2 protein chains.
Amino acid sequence: MTKTTRDKLIDAMIDALQRRGLHGVGLSELLAAADAPKGSLYHHFPNGKTELAVAAIERVGQRAEQAFATLFERQSDPLDALTIWLQSALGQLQDSAFERGCPLATVALESGPQDHEIRAALASAFVAIRQALQQQLQRHGYPQPEGLAALFVALYEGGLLQARVAGSSEPLKQAVATLLHLTRQHRTESPPA
Amino acid sequence: MTKTTRDKLIDAMIDALQRRGLHGVGLSELLAAADAPKGSLYHHFPNGKTELAVAAIERVGQRAEQAFATLFERQSDPLDALTIWLQSALGQLQDSAFERGCPLATVALESGPQDHEIRAALASAFVAIRQALQQQLQRHGYPQPEGLAALFVALYEGGLLQARVAGSSEPLKQAVATLLHLTRQHRTESPPA
DNA sequence: GCCCAACTAGACCGACCGGTCTACATAATT
DNA sequence: AATTATGTAGACCGGTCGGTCTAGTTGGGC
């Protein structure tokens, strides 16, 4: 299976978003990474960089949903799934010398309300992620599943951010340990109906 | 008291970092906002944009430390202080039509290990913030104060991020409510020595 | 009044940005 | 074999980027 040029472009964009964000990467850099000429970019994505970014965001969203699906399927306790998720993010961060964070976070902060296409793609990706978490938490009887879902996503984003600037996994590890502890305890004390 | 050109430049940079991040703002935009010519920028900050960004980051760090100091001084329970802190961030976000987030977050994600000056400034700002929180939590007998501090910072960063892309305060509000609930409960059940 | 440092002012520069356009290769269609 | 859609290739363009440099202004020390 040979990757199509389109796929290579999207993957290169995802990688770029993880490392530097949308404004941080130039087209030439992107094209070099994807080993594609400019003509191909504008053939597959007539609206240029923005359209490519939207496609990248959508792909990330799809991958996340899929990853959650299999993760929750295999873990009986959603907190175990969450732990694995956070740990794998941490692993990727460490393996890349603290360069690769969340592919959505940087664009999210770089974009404004006027970048409506990008914002729309981001918004629906985040909604999907939160909903997936919420459903699983709810199903297993955790109270305040919506708040917990938003909290875990915040922990992921905020924790990765702190780990990156610190150049260390410690802040994230500690925050994760603390939240898991709090949550398990909470669950234990207010069992499902 | 008239603001000096240097101060106006720093404040303009802080505002820019909150809205769009470092790569997202051009010098011309910055200079227009500060109502200063290019010559002044390079007089006060010979290393240009980067040096100005570092100064902005440092000022944000100082302001944060100061804000925490007075906040914790006035609130007997650190959780109340934390609540006020999170709510004021939310207020600023709403008042700016979801444009103004954390001034450190975007640069944090845009920068890489090679931007060592910026990273150093960011790292020390985050350490200072976490330490301030940790001290207060510890002093009031909360268990795992270090993890809790990192967790609250993550909630702040990750929550603001989610609120921005959602164009709504709901995700952050819910996450805050949930974490406060969990933390209070935890504290109650394991009182200080 | 003179001088010198601090600062303001903006013209100017090369590099690079994202984007367009034409020419060409390739492959499916008939 | 001729034609047509699909995609590759990169020269080229105007605009903007961050940064440099020279000239002028301002105000305090003497």
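Keep in mind that what you see is a predicted model, and the values were worked out from it rather than measured. In what follows, chains are A, B, ... by sequence order, proteins preceding strands, each numbered from 1.
Atom pair B/Leu41:CG and C/dG10:P shows a separation of 14 Å (rounding to whole Å applied). One interatomic measurement links the two molecules: CG of B/Asn47 to C1' of D/dT20, which rounds to 13 Å at whole-angstrom precision. Going from atom CG of B/Leu30 over to atom P of C/dG10 covers 17 Å, rounded to whole Å. The nearest whole Å value for the distance from the CG atom in A/Leu31 to the P atom in C/dT20 is 14 Å.
For the side-chain contact (heavy atoms from CB on, under 4.5 Å) criterion with A/Leu79, the lone passing option out of A/Arg184, A/Gln136, A/His140 is A/Arg184.
Nearest heavy-atom pair across A/Ala163 and A/Phe98 is O-CD2, 3.7 Å.
Residues B/Trp85 and B/Tyr156 bring their aromatic ring centres within 6.0 Å.
The residues A/Arg63 and A/Asp11 are annotated as salt-bridged, a charged nitrogen and a carboxylate oxygen being separated by less than 4.0 angstrom. Between A/Lys3 and A/Asp35 there is no salt bridge, since no side-chain N of the basic residue sits under 4.0 Å from a carboxylate O of the acidic one.
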Checklist entry - When every nucleotide of nucleotides 5-17 of chain D is labelled 5' to 3' by its protein contacts under 4.0 Å (heavy atoms), B for base, S for sugar-phosphate only, - for none, what sequence of letters results? => result -SBBBBB-----S

Item to check | CA sep, side-chain torsions, deciding dist, call: B/Arg100, B/Asp15, salt bridge (Lys or Arg N to Asp or Glu O under 4.0 Å) | outcome: CA-CA 8 Å; B/Arg100 251 179 252 236; B/Asp15 186 67; 2.8 Å; yes

